[in-house]
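The structure appears below as structure tokens.
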Amino acid sequence: MTEFQRKLRILDFIPNNFTKKELFKILNNIDISLAIVDENQNILFANQQLLNLGGFSNLKGEKCKNSFCSNISCPCLAMSDENSSKTTKTRFIKKDGTFAIVNVIAHKLDFNNKECTLIFVIDITEEEELKKHQDLIIKEKSIAEEKALKEAEKFEFLFENMGDVQYLLNIKGDFIKVNKKTLTHLGYSKEELLSMSVFDINQSQTIFNFNYLIENIKNGKNLLFETNHVTKKGEIKTVEIVSSYINLDDEDYVFNSVRDITLRKNLEHDLLISKEKAQESERLKSAFLNNISHQIRTPLNGILGFADILENNFTDLTLEKRKEYFNIIRNSGNKLLQTVEDILEVSKLNCGLPKLKSDSFALKINLERLIDEMKETYLNNNNTFCFEIDPDLETMMIKTDNNMLMRVLKSLVDNAFKFNTNNIIKLIVQNKNEHLLFSVQDNGEGIPEKYIDSIFDPFTQTEHTLKQAINGTGLGLTIAKNLVNCLGGELKVENLPEKGSRFYFAIPFKVKNPLEKTGNLDAYKKPLMCKTILIAEDDLLTYMLLETKLKQEGCNLVHALNGKEAIEYFKSNKRIDLIIMDINMPIMDGLEAAQVIRKINDKIPILAHSAFVHNEYKDNYYKYGFSDFLNKPTDTRRLIETIITCFKN
């Protein structure tokens with residue numbers, strides 16, 4: 001029998017006829033904390049031991065749930081109707097707000113003919129703390145053991161499944177442990193690697209280097225270094241390795257974490273090359289701008305300089321000198337125009353390939369005209385020019401974009417003339433499998449190998465051009481390649497086996513009605529004598545140029561300053577044979593004027609005359625009813641031929 005049970009049996013000997021005072025005195029001397037509460041949880045009595053436990057002075061008249069009970073676990077509420085006892089472990093709330101862990105025993109009894117509950121409170125705080133401490137020790141030990149097991153499992157899992165290659169080496173460099181990633185990385189099986197050493201897979205590792213590595217990591221250092229691994233298939237991979245020292249069971253090991261950085265190294269290499277290319281591009285662009293400045297100022301110097309000489313010394317100069325100076329001015333103007341066209345062409349190509357325009361023209365005649373221009377331009381280079389064309393193409397009318405094709409050939413022939421002196425230059429045109437094959441070749445020194453792969457890149461040739469002091473923007477071949485792509489071909493270059501170089505391309509074409517075998521440039525020429533031409537032009541200088549050129553052909557001219565005047569002159573003069581219409585004019589522009597005139601007469605030839613020369617503008621002119629287009633500036637030959645063609649059509 002426990003001490004508590006012995007003390008509890010005293011209650012069995014307390015008579016029911018004791019007065020309240022006598023009962024409270026007996027209960028107050030029992031060495032157990034106790035209290036009596038009625039059915040409404042009012043405290044009728046609390047002995048001194050209970051007051052001492054809770055730090056209370058008096059609890060009479062208080063409710064147990066407001067004093068020391070945990071409200072929801074109050075034992076007097078949990079008692080059954082039977083005359084039995086019930087033990088509950090709960091928290092005993094003290095007056096200062098702290099609490100003790102107690103066993104509460106509730107016992108039903110009759111007191112002064114009232115049903116009450118006698119509550120015993122036994123402090124078990126120390127026992128609970130001791131038990132808790134013991135449980136904690138046991139739990140911590142269990143947790144430590146479980147943690148150690150989990151750490152071992154975690155290490156094994158991480159070792160096997162981490163993204164990096166990981167392996168363990170002994171101090172001889174032999175593989176002791178490898179993970180799955182190592183097998184994938186090197187291409188060996190686990191059994192193969194465990195029979196190998198690190199020297200078998202490391203391209204640059206030596207015993208001396210490995211010993212040096214061990215000495216350093218023994219001092220507690222982690223070493224980071226790069227090397228190359230050789231796989232089973234002989235593939236070389238660049239890797240980054242972190243090595244650290246481990247001592248297990250008094251044995252020294254080297255733990256290695258390896259990361260494949262082959263891709264990163266390749267990207268770094270590509271980035272370095274891109275940076276060098278960008279720097280080279282900037283340098284070449286700077287050279288290009290300097291060259292453009294040179295190409296603009298040089299012909300301007302010729303134009304302005306010789307114009308000044310002619311103005312001040314015209315009467316003193318011989319007829320031959322005047323012609324010479326006028327030719328210099330004309331050639332300088334053509335060079336300046338070519339420079340401007342190159343710049344505009346590059347700008348246009350940067351916005352996308354131009355639209356292909358389908359023209360019908362005599363191939364041989366156009367090529368002969370182009371050759372004559374080139375020969376005249378490079379008369380002093382002493383080159384011999386040969387033109388070869390398949391017999392079936394001599395009288396053939398073909399259909400493709402004439403301006404684009406001639407621009408490409410002019411660039412290639414121009415390039416051949418510029419870079420050759422006292423050599424033979426050939427333009428060869430062949431009919432190959434329903435394609436026109438064009439070749440421009442020479443027997444010069446050829447193209448240096450370092451330039452041949454980049455010869456069509458913009459700005460690349462600029463440096464080459466500047467070094468050789470040869471005129472040109474350095475954009476001709478870039479433009480030519482893009483235009484050939486638009487025509488449906490591909491411009492290529494090669495050095496000939498014997499000597500010289502060759503540029504060539506093939507484009508598809510359509511055959512139109514053949515020309516007479518006697519057809520040549522003269523077939524386009526018809527007199528303009530007595531033809532009446534209306535010129536709508538607000539710029540007087542432009543009108544003067546047209547007036548001078550056309551009056552030499554025997555034309556009668558009518559001048560209108562704007563579109564509105566042009567309509568009035570056309571209505572009042574029934575003898576007008578052709579109209580040359582400027583596009584940009586005050587009051588009424590050329591587009592609107594052309595539409596009005598077309599409603600009056602749908603047969604009269606109307607030529608658009610404008611500095612807006614892009615294909616999209618030209619296509620727009622035809623929509624407004626124009627017969628053809630003359631770009632500004634227009635040379636005399638082109639002007640006369642276009643007018644004759646309009647009359648013929």
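Every heavy atom of this structure was used, including side-chain atoms; hydrogens, water molecules and symmetry mates were not.
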Heavy-atom side-chain contact between [X] and [Y] under 4.5 Å:
| X | Y | answer |
| --- | --- | --- |
| Ile644 | Ile640 | yes |
| Asp442 | Ile424 | no |
| Phe361 | Thr400 | yes |
| Gln595 | Leu591 | no |
| Gln441 | Leu496 | yes |
| Asn415 | Phe503 | yes |
| Lys632 | His609 | yes |
| Leu405 | Val484 | no |

Assess whether atom [atom1] of [X] is packed by more than 12 heavy atoms of other residues, nucleotides or ligands within 6.0 Å.
| X | atom1 | value |
| --- | --- | --- |
| Glu445 | CD | no |
| Arg264 | CZ | yes |
| Glu388 | CD | yes |
| Asn433 | CG | no |
| Lys549 | NZ | yes |

Option from Leu263, Ile261, Asp260 for which side chain to side chain contact (heavy atoms under 4.5 Å, CB included) with Lys237 holds: Asp260

Ile425, Ile428, Val429 screened by side chain to side chain contact (heavy atoms under 4.5 Å, CB included) with Phe387, the one that passes: Val429

Without hydrogens or angle criteria, can the side chains of [X] and [Y] be said to hold a donor-acceptor pair below 3.5 Å?
| X | Y | answer |
| --- | --- | --- |
| Tyr622 | Ser627 | no |
| Asn327 | Asn331 | no |
| Asn228 | Thr238 | yes |
| Thr532 | Asn573 | no |
| Asp392 | Asn431 | yes |

Considering all heavy atoms of both residues, which atom of [X] and which atom of [Y] are nearest to each other, and what is their separation?
| X | Y | result |
| --- | --- | --- |
| Ile455 | Ile452 | CG2-O, 3.7 Å |
| Gly444 | Asn423 | CA-ND2, 3.7 Å |
| Leu436 | Phe509 | CG-CD2, 3.4 Å |
| Asn420 | Asn383 | O-ND2, 2.8 Å |
| Ala594 | Met581 | N-CE, 4.3 Å |
| Ser610 | Tyr621 | OG-OH, 3.2 Å |

Ion pair [X]/[Y], N-O distance below 4.0 Å:
| X | Y | result |
| --- | --- | --- |
| Glu320 | Lys323 | no |
| Glu641 | Arg369 | yes |
| Glu592 | Lys564 | no |
| Lys321 | Glu324 | yes |

Has [X] got its NZ or CZ under 6.0 Å from the middle of the six-membered ring of [Y], at an angle within 45 degrees of the ring axis?
| X | Y | value |
| --- | --- | --- |
| Arg502 | Tyr504 | yes |
| Arg322 | Phe314 | yes |
| Lys531 | Phe647 | yes |

Could you please spell out the steps behind the side-chain contact (heavy atoms from CB on, under 4.5 Å) verdict for Val408 and Phe505? CA-CA 10 Å; Val408 172; Phe505 64 93; 3.7 Å; yes

Would you confirm whether [X], through its side chain, and [Y], through its main-chain N or O, come within 3.5 Å as a donor-acceptor pair?
| X | Y | result |
| --- | --- | --- |
| Asp308 | Leu304 | no |
| Asn601 | Ile604 | yes |
| Asn495 | Ile447 | yes |
| Glu547 | Tyr543 | no |
| Ser411 | Arg407 | no |
| Asp390 | Leu393 | no |
| Asp602 | Arg598 | no |
| His559 | Glu537 | yes |

I need the [X] [atom1] to [Y] [atom2] distance, nearest 0.5 Å.
| X | Y | atom1 | atom2 | value |
| --- | --- | --- | --- | --- |
| Cys486 | Lys481 | SG | NZ | 13.5 Å |
| Cys646 | Asp577 | SG | CG | 12.0 Å |
| Leu272 | Glu268 | CG | CD | 9.5 Å |
| Thr542 | Asp582 | OG1 | CG | 7.5 Å |
| Phe570 | Leu534 | CZ | CG | 8.5 Å |
| Asn301 | Arg297 | CG | CZ | 10.0 Å |

Check the pair Val558, Ile533 against side-chain contact (heavy atoms from CB on, under 4.5 Å), reporting the backbone distance first and the verdict last. CA-CA 6 Å; Val558 179; Ile533 297 176; over 6 Å; no

Are Phe306 and Phe326 close enough that their ring centres sit under 6.0 Å apart? no

Intermediate values then yes/no, side-chain contact (heavy atoms from CB on, under 4.5 Å), Ser332 and Leu336: CA-CA 6 Å; Ser332 297; Leu336 182 60; over 6 Å; no

Residues Phe456, Val493; criterion side-chain contact (heavy atoms from CB on, under 4.5 Å); working and verdict: CA-CA 9 Å; Phe456 297 116; Val493 61; 3.9 Å; yes

